[in-house]
Structure formats: structure tokens, C-alpha cells
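First the structure, in the form of C-alpha cells, and then the observations on it.
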Amino acid sequence: MKSVNIIQDLSAAPGAIFPSDSLAAARRGLLALYATAIAAVDGRENTRRALSRHQAIEGPTWICAIGKAASAMALGAAAAHSGSCLGGLVVTKPGHADEKALAAAGIRCLFGAHPLPDASSLEAGEQLIAALSDIPSGATVIVLLSGGASSLIEAPIRGIDLTELRRINAWLLGSGLAIEQINLVRKSISRIKGGGLLDVIPERSLRALAISDVPGNVAGVIGSGPLTPEPDLAVRVMKLPLPDWLLERVRQGLAERGEMSVRGPEIELIADLETAIDAIAEHARRSGLSVHLHPEPIQGQAATRGRELARTLIDSEPGLHIWGGETTVELPHRPGRGGRNQHLALAAAIELAGHPDALMLGAGTDGTDGPTEDAGALVDGWTLERAADAGFEPESCLAGADSGSLLEASGDLIRTGPTGTNVMDLILGLKL
């Protein structure tokens, strides 16, 4: 069975999302609510609106956008400063850029790799440094940051080649560490993260905007904080449970970076997870649904949280439950297909089996989940039955981090394509 493409499900009117309690209608309703959230945090419109509603930037501008939402954000900035934009540079993930529209605005586009950096990430890092060093005098630099920047651009410390950089990032992504902890390590071994990019653009007029994909919207965690120095980096990173080989590289990087005491620019937050959740809640209430908000960010092991959230849903009164955050998955030596949202959804499906009145959606707002092109999955009480018909055993797929294979067979994967935004993951539970 094919993945679901939610672009085909955006036409439902708010008052008619749930015309009945049928499973098909409920699934369409959850997909429509997810799409509502994506629209609310759109990178292009939120950037254009943010730059237009404040005092205009005087003189020429140059745009630097990095992350999965970089293309959309850059086009929003170009629209807000169409008469003064001298060009710019976008670094994003392959398939996430409107190259024709960017070229028309005079903006060059480079592609890095995600979730693991590759040679293109190193090249993008060096070209970004060169471009920022050569901006016309008098131009205000508009820096636009979004999630994914940590892998898309990189300029490691001396002695770390691409093979070792990928080894470090692969270990971090499979370690179970939270994203803010992972980014501490990334900053320690990078010349541009943790405020390092400020060395390239000193004493220049700067305007910075960000779409947050991290808990608490901490500027220094978004994209590993290229504009945000972290003076206590050494103290924090050395408390992490790192293997000896990685600790050696961290110590080397901290020595090379030296003291970081310079303050970075103010970074304006233009969209975050709360923006998306508020849009879902408003839409759902207009549809007549009872809404249960869970403000505490979802973190921890994806399988554990998936089971817990499913049990909460089963035991609840009818209505919509909304969670958000990012979980983690400790990968086996040879993981199968999937990402943290698919892993969480499969664990939830195990609990939902035999409960035809409960559904759960878990998906990334950027349109991808881990190394896959699927955003996540929408499971229900019949997911395991459909998977069994195709010969899949759920516990084995969980153990092998192969949730995507089972969820493809059950017809529960969600595919959106690039969304132009990135504000962490959404989890929607519906009790009929």
C-alpha cells in the first residue's frame, strides 16, 4: 500500500471534518488538522510577515538562510525586501528548495546532507564562510535559521575529516541523547557552531529570525546556534556520557575554540511548536471537538512514549488530544526503515489494537522522519491486523527499528514532501 499524501486532503471545511464517526472520516480529519498546523508555521509567510510588520531595514540587504525551511524563509525575506535585496545564499536539504524562484530573486542555493553530514555539507560550510566574508559593504545581513542546519553546513576543527565527522554524528543520533545535548557536542568540534559564525561577519548590521524546532525555543540550540556564543560550553559538554574517543575530540575542539564571551544578536522567533498546536486546537474546536492540550514537551524513548500516549487516549473521554516534542530511538547495529515518529506510532498501534474508536498520528512538521522521506504515520485499532495480513510482526519491527516497513504494508505512512517549515513533531490522538 502507498503512503498517504496529505496534500490531497486539504479541502475539508472546518465544520465538516468529521461528518461521521467512521474510521475513514476520522483519518481524513486528523490529516486535515495536521495540514492546518503546517500552514500555520509556513516559513515563507511567517518570514515575510515578520520583516514587514516592523521598522523597515534601511539600505541594501543580503539574505543568508540555513536549514530545512531555508528556501521558504529566504523567499519570504526577498518578498519583504524586493527592492533592496542584493542577493544571498540558501543552504538546505536536497529537494527542499524552489531553485527557480530563488534564482529569480538573485539568491544562490547550495545543498547539504541530513541527518548525517557529507562532503556537500563541508563544501556548503566553506562556501558560506566565503560568501559572508564578501558581502557588499553597507548591506544588512538577514540571517534566517531553521532546524537541520547542524548537519547541512559544517566546518569542523582541524584534524576531523568527513569519515570521522560522520562517525561522530551517527553515534550521536543513535545515542538516545536529547537534541540540546547532541548540539553541545556538535558545537565543541565546529568552527561555525556555537557562535562561531560571528567571527565571519563582525561589526556588520545584522537581523536574525528563526523557526524553532527545539524544546523551550532556546536560540543556542536551533541549528547548533551559529550566532549564539555559549561561554559555559566546556562545563556542560564534559558532563555528558561520551565514549573516550569522542571525549578526546571534544577536548581538542574546546581548546581550539578558546573562550567564547561575545554576545550574539537578538534572534526573533517567528514560528514554533506552540504556533502549530494553537492552530490545530482552534480548528478542532470550530469543528465541534473537545480538545485536550498536553503542554509538557514529549521527550524520551519513542516506543515508551508511544505506548503511554496510546493508553492515555484509550482511557480518555471522546475528543482530540494534542502533544508535541521530539522523542529518541536507540538504534540497533543494523536498523531497518523508519524514524522516531514511525517508531512511536507503531508502539502506539500495539496498544490501540482492538480499540476501533482510537487513532493516533505522529509526524514531523518538516515532512521527513529520520532518514526517510515519510513524515510519520497515522495508526488505528486495525493497523496490526492489516500488517499481519502482509506478514509483519510488530514487536520484531520495533526491536529492529523497522517500523516503516510494517507501516507501509498497513497503509499508515504519511508523506507530505518538503513543507517549508520545521517546528518539531506533532502527535494527535482522537477518541471517537
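The residues of the chain are indexed from 1 along the displayed sequence.
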Validation row: S188, V237 side chains within 4.5 angstrom (heavy atoms)
yes
How many angstroms lie between atom CG of L361 and atom CG of L430, to the nearest 0.5 angstrom?
10.5 Å
Chi angles and distances behind the side-chain hydrogen bond (donor to acceptor under 3.5 Å, both in side chains) call for D366, T368:
CA-CA 6 Å; D366 61 351; T368 59; 3.0 Å; yes
Distance-minimising heavy-atom pair for L162 and A119
CD2-N, 3.4 Å
Do T36 and H283 meet the criterion of a side-chain donor-acceptor pair at a distance under 3.5 Å?
yes
To the closest 0.5 Å, what do you measure between CG (L132) and CG (L206)?
9.5 Å
Carefully, step by step, assess D380 and R386 under the rule salt bridge (charged side-chain N to carboxylate O under 4.0 Å, His left out).
CA-CA 10 Å; D380 56 54; R386 295 192 297 271; 3.3 Å; yes
Does the distance from a Lys or Arg side-chain N to an Asp or Glu carboxylate O, for R207 and E266, drop under 4.0 Å?
no
E154 side chain to S190 side chain, donor-acceptor N/O pair below 3.5 angstrom:
yes
What are the two closest non-hydrogen atoms of I107 and G87, and how far apart are they?
CG1-C, 4.1 Å
Ignoring hydrogens and geometry, is there a side-chain-to-backbone donor-acceptor pair from T228 to G194 under 3.5 Å?
no
Quick check: do E230 and L184 have side-chain heavy atoms less than 4.5 Å from each other?
yes
Is there a donor-acceptor pair under 3.5 Å between the side chain of S151 and the backbone N or O of P115?
yes
Partners passing side-chain hydrogen bond (donor to acceptor under 3.5 Å, both in side chains) against E256 (at least two apart in sequence or in another chain)
none
Rounded to the nearest 0.5 Å, what's the gap from CG on L406 to CG on L413? Could you check?
9.0 Å
Contacts of type salt bridge (charged side-chain N to carboxylate O under 4.0 Å, His left out), residue R307, not counting sequence neighbours
E351, E395
R158/R191 under side chain to side chain contact (heavy atoms under 4.5 Å, CB included): CA gap, chis, key distance, verdict:
CA-CA 9 Å; R158 290 188 301 270; R191 291 183 284 126; over 6 Å; no
Expected output: side-chain D134 to main-chain A130 donor-acceptor under 3.5 Å:
no
Return the set of residues passing ring-ring contact (aromatic ring centres under 6.0 Å, His included) with H321 (not counting sequence neighbours), or none when no residue passes.
H292, H294, W323
Taken in chain and number order and not counting sequence neighbours, the residues that satisfy side-chain hydrogen bond (donor to acceptor under 3.5 Å, both in side chains) with S212 are N217
Going by side-chain contact (heavy atoms from CB on, under 4.5 Å), name the residues that satisfy it together with T372, two or more places apart in sequence or in a different chain.
R337, Q342, D369, D374
Derivation and outcome, side chain to side chain contact (heavy atoms under 4.5 Å, CB included), residues L378 and M360
CA-CA 6 Å; L378 168 54; M360 185 168 289; over 6 Å; no
For L33 and A284, work out which heavy atoms get closest and say how close.
CD2-N, 4.0 Å
Using a strict threshold of under 4.0 Å (side-chain N to carboxylate O), is an ion pair present between R257 and D199?
no
Filter on salt bridge (charged side-chain N to carboxylate O under 4.0 Å, His left out), then keep only pairs touching residues 90-107, sequence neighbours left out; what's left?
none
Across all chains, not counting sequence neighbours, the side-chain contact (heavy atoms from CB on, under 4.5 Å) partners of A77 are T47, L51, I63, L144
Can you give me the closest heavy-atom contact between I182 and L177, atom names plus distance?
CD1-O, 3.6 Å
Kindly write out the residues that satisfy side-chain hydrogen bond (donor to acceptor under 3.5 Å, both in side chains) with R48, not counting sequence neighbours, or none if the list is empty.
E45
In Å, rounded to the nearest 0.5 Å, how long is the span from OG of S175 to CD of Q181?
8.0 Å
Under 3.5 Å, is there a donor-acceptor pair linking the side chains of S410 and D412?
yes
Report yes if some heavy atom in the side chain of F111 is under 4.5 Å from a heavy atom in the side chain of S120; otherwise report no.
no
CD-CD1 distance between E126 and I153, expressed to the nearest 0.5 angstrom
11.0 Å
What pairs of residues pass the salt bridge (charged side-chain N to carboxylate O under 4.0 Å, His left out) test when at least one of them lies in residues 209-224, not counting sequence neighbours?
none
Distance-only, no hydrogens or angles: does the S133 side chain make a donor-acceptor pair with backbone N or O of I129 under 3.5 Å?
yes
Side chain to side chain contact (heavy atoms under 4.5 Å, CB included) between I298 and L309, intermediate numbers included
CA-CA 10 Å; I298 295 300; L309 300 185; 4.1 Å; yes
Side chains of V143 and L209 in contact at under 4.5 Å (non-hydrogen atoms)
no
Once rounded to the nearest 0.5 Å, what's the spacing between atom CG of N422 and atom CE of M424?
9.5 Å
Nearest heavy atoms of S403 and G339, plus distance in Å
OG-O, 4.2 Å
Could you go through the side-chain hydrogen bond (donor to acceptor under 3.5 Å, both in side chains) check for S52 and R49 one step at a time?
CA-CA 5 Å; S52 299; R49 190 162 52 233; over 6 Å; no
Show your working on side chain to side chain contact (heavy atoms under 4.5 Å, CB included) between N46 and I211 and close with a plain yes or no.
CA-CA 9 Å; N46 278 285; I211 292 177; 5.5 Å; no
Do other residues, nucleotides or ligands put more than 12 heavy atoms under 6.0 Å from the CD atom of E274?
no
Hey, are the side chains of L102 and V90 touching, using non-hydrogen atoms and a 4.5 Å cut-off?
yes
Just by distance, with hydrogens left out, do Q299 and R305 show a side-chain donor and acceptor under 3.5 Å apart?
no
Electrostatic pair D118:R166 at N-O distance under 4.0 angstrom
no
Just jot down the side-chain contact (heavy atoms from CB on, under 4.5 Å) partners of P243, sequence neighbours excluded, or say none.
W171, W245, L246
Check side-chain hydrogen bond (donor to acceptor under 3.5 Å, both in side chains) between E248 and all other residues, then give those that pass, not counting sequence neighbours.
none
Side chains of T304 and Q301: donor-acceptor distance under 3.5 Å anywhere?
no
Heavy-atom side-chain contact between L273 and L426 under 4.5 Å
yes
Looking only at atom types and distance, does a side-chain atom of S121 sit under 3.5 Å from a main-chain N or O of A113, one as donor and one as acceptor?
yes
Checking S224 now: which residues fulfil side-chain contact (heavy atoms from CB on, under 4.5 Å) with it, not counting sequence neighbours?
S150, N183, R186, K187, K193
Quick check: closest heavy atoms across C397 and L346, and the distance to 0.1 Å?
CB-CD2, 3.9 Å
